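Here the structure comes first, spelled out in structure tokens, and everything after it is commentary.
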Amino acid sequence: MDNTFINSVRLDSALCKGCINCIKRCPTQAIRVRNGKAHIVKRFCIDCGECIRVCPHHAKKADYDSIDVIEKFKYTVALPAPSFYGQFNNLDDVNIILRALKLMGFDDVYEVSAAAELVSELSRQYVAEHQDKKPFISTACPSVIKLIRVRFPNLIDHLLPINAPIDVAALQAREKAMKETGLPSEDIGIVFISPCPAKVTAVRSPLTNEKSEVDAVIAIKEVYPKILPFMKETQNQTEEISHSGKIGISWGASGGEAGGLLIDDFLAADGIENVIKVLEDLEDQKINQLEFIELNACSGGCVGGVLQVENPYVAKSKMKALRKYMPVAISHLSDTTVNNVFWEKKIEYKPVFNLGYDFMDSLEKMERATEIVQRLPGLDCGSCGAPSCKALAEDIVRGEAREKDCIHLLRDYIHRMTDDLKGL
Amino acid sequence: MSSMKLHYDVDNTDFTRAGEASSDTKKKLKLMGVSPEVVRKVAISMYEGEINMVIHANGGTIDVTISSDNIVLVLKDEGPGIANIDKAMEAGYSTANENIRSLGFGAGMGLPNMKKYSDEMNVKSEIGVGTTVTITIYNELT
Ligand SMILES: Nc1ncnc2c1ncn2[C@@H]1O[C@H](COP(=O)(O)OP(=O)(O)OP(=O)(O)O)[C@@H](O)[C@H]1O
Ligand code: SF4
Ligand SMILES: [Mg+2]
């Protein structure tokens, strides 16, 4: 089994009622209800978190580490995502948060937004030097990468092959910690405070690097209630920890990464359905002349991640207020040595949606699926456990479902049987 | 030799629906494991043809035949026809009016693109009768 098909969205069977909310909303049709419970088809799942958002019974959960993981290391560094800053009311200085993280038990803090400024500079150079490959597609959102690798093979070459800010931050933080403490790498815990399960998967099963420098990923929504009491205390302290300005912090919301490139011809789309539309149009060459395409699976960008607390649009406006008086950027390549910058591995196309094992087999299956669709009622009611009649037909030819899973066909069948019996 | 046929009626009454036929074919080809490059060629040339039908010819029909050898698209309409096919095939030639140009079409690149992305292309047209464009794209089996 390909170990790159792990994901970080889980089902709590006890809570799942087997309703159709998640199967209908999953953008890659990765969920089926079988025997009254939802099942996630791992190879189709891109970790976007839509099912977590829509499940009315809270049966879909994100998998992440508990805050207690910090006990496992001699020395820990917290890496807050840029979008974390958008969760707080009336925050006028990010140092209040960074100091509070230290009071919570972390030994040091390294802002992902600081690494983001380095990535912005690197991207500017890369895009300018590789104009023949444009438009570039952003690669900071792991859900978007996962989507492209299973559905848009023609766009793989347009992916910006630069590590995401979290990966750059993790190595920077580790090197700094080792130098300052003299401890071996294994005693240092690099802990990411994440907006989403997609980032959890990206750490546990990286697609473009051999391994991740992040040791644990904890959720913003778990850190949030714990940090608030410490912020009262750190409000009046003076220690300056922050190393990022407007550009770095802006990465937390849609348009921020593109803004950091200082170019005009870009597009920024957010929300997974919108992202899919843009990718379809890009693939068909309906979008031309753009240099950069920023894509975020969540509405509003990372502020809309499922592990956030605040409404994404409110968070976005809070971040806008927060960065108003900040310098444009504080971290620069000229003052730092950055080592892990480019992807070690290329993304490989995974044709997981293929109906058959080869073309002829797929052709035959596609024809059968088309015939089956004609027999199905076309209600897309979801009672069979598949998101649409068409999806059920595809499941049938893949050998994963039966025609009588359609309750309407089953009912007709039962009527015919009883009529036959009456006639005896 | 087994093959699969798809038929689409392209309606010109709703502009927002233009592109539905090519997008459906693209989805199906992807599910069938057709090579990404071939899918791309089909999607681009079929979309151009579909748009031409909607813009210049009041809609029409598209028949797609998919086999292990090739993918054949027959785009047929009963529109006004093309007076000078050679001219129409030239890059940049367009009779599109201001209205259509404001929608982002009318660069005169549709037919040239269809030619570029197909392996064989044939245009038959008669004034007042209609136009039939036949496109063949070779299937590359891996
Ligand atoms: N199906 C058709 N029926 C009638 N005329 C057509 C048809 N297809 C193309 N034409 C004519 O050929 C010209 C060139 O077509 P082509 O697709 O290359 O460019 P366009 O449609 O004008 O612009 P673009 O495709 O770049 O948006 C059109 O302007 C139109 O006059
Ligand atoms: S947009 Fe941001 S929060 Fe949402 S899945 Fe992508 S990386 Fe995670
Ligand atoms: Mg055209």
Side-chain angles (χ1 to χ4, degrees), chain A residues 27-29 43-44 147-158 276-290 347-374 388 390-391 393-398 400, chain B residues 1-8 15-16 18-51 64-72 103-105 107 109-110 112-114 116-117 137-142:
Chain A
T28 54
Q29 303 201 322
R43 65 186 194 283
F44 296 168
L147 174 67
I148 290 176
R149 97 174 173 140
V150 296
R151 257 181 77 171
F152 298 96
N154 286 315
L155 299 176
I156 289 176
D157 282 344
H158 291 278
I276 291 172
K277 278 187 204 138
V278 169
L279 291 172
E280 292 283 358
D281 283 355
L282 260 182
E283 190 177 45
D284 297 348
Q285 301 198 344
K286 291 180 204 165
I287 302 176
N288 292 313
Q289 274 123 25
L290 287 181
I347 292 286
E348 229 182 285
Y349 174 40
K350 299 284 177 185
V352 296
F353 295 106
N354 281 8
L355 284 183
Y357 55 84
D358 67 7
F359 176 76
M360 289 318 285
D361 185 41
S362 299
L363 184 85
E364 189 253 323
K365 290 194 165 124
M366 178 60 85
E367 279 192 297
R368 265 179 52 218
T370 313
E371 273 166 41
I372 295 169
V373 167
Q374 272 152 15
S388 66
K390 202 161 140 262
E394 287 165 11
D395 286 352
I396 294 170
V397 300
R398 283 193 180 105
E400 287 158 11
Chain B
M1 184 71 263
S2 92
S3 65
M4 181 173 177
K5 291 187 189 325
L6 306 170
H7 175 84
Y8 303 95
F15 200 76
T16 58
E20 276 185 4
S22 45
S23 136
D24 184 71
T25 296
K26 181 169 97 170
K27 270 194 201 119
K28 293 206 158 83
L29 292 176
K30 279 188 177 180
L31 283 176
M32 290 162 75
V34 170
S35 95
E37 188 47 34
V38 172
V39 176
R40 192 168 97 101
K41 286 160 77 175
V42 173
I44 295 174
S45 46
M46 185 164 165
Y47 178 70
E48 292 286 5
E50 192 177 348
I51 292 289
V64 183
T65 309
I66 305 163
S67 71
S68 56
D69 289 340
N70 52 35
I71 292 124
V72 180
L103 292 168
F105 299 104
M109 288 311 293
N113 270 336
M114 286 156 81
K116 179 173 157 198
Y117 288 101
I137 289 156
Y138 305 145
N139 201 355
E140 296 159 15
L141 294 189
T142 41

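Per chain, numbering begins at 1; letters A, B, ... match sequence-line order. Since this is a predicted model, take the numbers as computed values, not measurements. Just so it is clear, the values below take in all heavy atoms, side chains as well, and ignore hydrogens, waters and symmetry mates.
Between Glu283(A) and Lys30(B) there is a salt bridge, with a side-chain nitrogen of the basic residue lying less than 4.0 Å from a carboxylate oxygen of the acidic one.
Of the atoms belonging to Glu280(A), heavy atoms from both backbone and side chain fall under 4.5 Å from chain B. For Lys286(A), the part lying under 4.5 angstrom from a heavy atom of chain B is the side chain only. For Tyr357(A), no part sits under 4.5 Å from any heavy atom of chain B, backbone or side chain.
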Stepwise salt bridge (charged side-chain N to carboxylate O under 4.0 Å, His left out) check, Lys26(B) with Asp284(A) = CA-CA 10 Å; Lys26(B) 181 169 97 170; Asp284(A) 297 348; 3.0 Å; yes
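Rounding to the nearest 0.5 Å gives a distance of 11.0 Å between CG of Leu29(B) and OG of Ser362(A). To the nearest 0.5 Å, atoms CE (Met360(A)) and OG (Ser67(B)) are separated by 7.5 Å. Taking NZ of Lys390(A) as the start and CG of Leu31(B) as the end, the distance is 6.5 Å to the nearest 0.5 Å.
The two residues Met4(B) and Thr370(A) come nearest to each other via the heavy atoms CE-OG1, 3.3 Å. Nearest heavy-atom pair, Asn154(A) versus Pro36(B), reported as atom, atom and distance to 0.1 Å: ND2-O, 2.9 Å. Smallest separation of non-hydrogen atoms from Val34(B) and Phe359(A): CG2-CE1, 3.5 Å.
Taking a 6.0 Å sphere around CD of Glu348(A), one finds it holds 12 or fewer heavy atoms contributed by other residues, nucleotides or ligands.
Chain A forms the most heavy-atom pairs under 4.5 Å with one residue out of Asn113(B), Ile44(B), Val39(B), Asn139(B), and that residue is Ile44(B). Between chain A and the options Met32(B), Glu48(B), Met46(B), heavy-atom pairs under 4.5 Å are most frequent for Met32(B).
Counting only heavy atoms from C-beta outward, the side chains of Leu363(A) and Ser68(B) never approach each other to under 4.5 Å. Here the side chains of Lys27(B) and Phe353(A) are not in contact, with every heavy-atom distance at 4.5 Å or above.
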